[in-house]
Undergrad: 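Structure incoming, see below.
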Amino acid sequence: MPGGASSTDGSGNSGRTDGSSSSRRTDGSGSNGRTDGGGSSIEPEIASQPECWLRAAGMAAEVAEILPARGERVAVTGCGTSWFIAQAYAAAREAAGHGQTDAFAASEFPAGRRYDRILALSRSGTTTEILDLLAQVGRAVPTVAITADAHTPVAAAAGAVVVLDFADERSVVQTRFATSELALLRAHLGQDLAPVAGAARRVLAAPLAAQLIEARQFTFLGTGWTCGLASEAALKLRETAGLWTEAYPAMEYRHGPIAVTGPGSVVWLFGPTPDGLAREIAAVGGLAWLSEEDPMAELVRVHRLAAAAAHTRGLDPDRPRNLSRSVILDNARPG
Ligand code: F1P
């Protein structure tokens, strides 16, 4: 069902594209077999986020039955961008009083912990660590996956699936899929996404500040649910433009990370600014970037910067160095 939800016991591995026999990144194509037809895809994907968010949020009632219920003990898992979105949702859910929510990289999921539901995030639906985890769990615990592609192994591996195919991307790096699944999850927590989409439209319409385009190093800081967004922002600039980026909980910044701030550094705050921190950043020569916009809209500014910085550096933002749409491993278990 496009853009919908279903419970599945489906048929397995169609869509898995394993490529060469021993490489750790094995889908080879860099775009899961898609043909881009020239020109960057990432800019229109970035620009479509407000509409995608509203559409995803509009699905919240339809899929409420298979998403975590209030009071459940929940684990959320993913890899790369999906892990950082898992972190953001986990903190937001717990802060909203919906119940204990832990986030794990799929490869580090603690065996033996009891949860009422496991939520797996995977745009591609083919990531090995996610599929291995779901296979280990089986039907012992209710599992639900959010994916962009219903015709991938994750749909069979999870007990239920939410498909956001309208937010899928041609770009290797995730922008609108990741934020759309977070929009759905925020809506499921009872948040109104309309003002958030409005904030993203303002961010999209504003010029990118020259100080951001010219910066040599970025440190992203967050608190609560924006810690995950800060990590995702840092990953986006690394993946897309090869930039030096770091991310921490805001109060951790003074405990070491401040050492790398200097002229040409931007310290980008996604959550509330701890008292005195902006002054300390300025004192060591960095630029503190603060925003009144919703942090998810602020992530859109990072997306725009990532694409612009890639072009400035002569890189193709749709095909980042050393990356592919999905990491599919031949030997899933280390050691
Ligand atoms: C996500 C992911 C991306 C990363 C890279 C490999 O996988 O880890 O975040 O940019 O391209 O894949 P998934 O969400 O499809 O499981």
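From a predicted model like this one, the values you see are computed outputs, not experimental measurements. Just follow the structure's listing: the first ligand is 1, and inside any ligand the first atom is 1.
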Undergrad: With heavy atoms only and a cut-off of under 4.0 Å, state how Leu323 meets ligand 1: side chain, backbone, both or neither.
TA: neither

Undergrad: At a 4.0 Å threshold, what atoms of ligand 1 neighbour a non-hydrogen atom of Thr81?
TA: 9 (O)

Undergrad: Of all the atoms in ligand 1, which lie at a distance below 4.0 Å from a heavy atom belonging to Gly80?
TA: 8 (O), 9 (O)

Undergrad: Can an N or O of Ser326 be found at a distance shorter than 3.5 Å from an N or O of ligand 1?
TA: no

Undergrad: Just verifying a value: how many Å separate Met296 CE and Ile85 CD1, rounded to the nearest 0.5 Å?
TA: 8.5 Å

Undergrad: Using every non-hydrogen atom in the two residues, find where Leu235 and Gly80 come nearest and quote the distance to one decimal.
TA: CD2-C, 4.0 Å

Undergrad: Taking only heavy atoms of Ser82, which atoms of ligand 1 are found under 4.0 Å from at least one of them?
TA: 13 (P), 14 (O)

Undergrad: Please determine, by modelled atom types, if Thr219 and Glu246 share a side-chain donor-acceptor pair under 3.5 angstrom.
TA: no

Undergrad: Go through ligand 1 atom by atom and flag the ones less than 4.0 Å from a non-hydrogen atom of Ser324.
TA: 5 (C), 6 (C), 11 (O)

Undergrad: At a 4.0 Å threshold, what atoms of ligand 1 neighbour a non-hydrogen atom of Glu239?
TA: 4 (C), 10 (O)

Undergrad: Under 4.0 Å, heavy-atom basis, I'd like to know which part of Arg325 is in contact with ligand 1: side chain, backbone, both or neither.
TA: backbone

Undergrad: For Phe104 and Phe109: C-alpha separation, side-chain torsions, deciding distance, then whether ring pair (Phe, Tyr, Trp, His ring centres under 6.0 Å) applies.
TA: CA-CA 6 Å; Phe104 301 106; Phe109 200 96; 5.2 Å; yes

Undergrad: Fit a plane to each ring of Phe218 and Trp268, take the angle between them on a 0 to 90° scale, and name the class: parallel (under 30°), tilted (30 to 60°) or perpendicular (over 60°).
TA: tilted

Undergrad: Take atom CD of Glu65 as the centre, draw a 6.0 Å sphere, and report whether it contains more than 12 heavy atoms from other residues, nucleotides or ligands.
TA: no

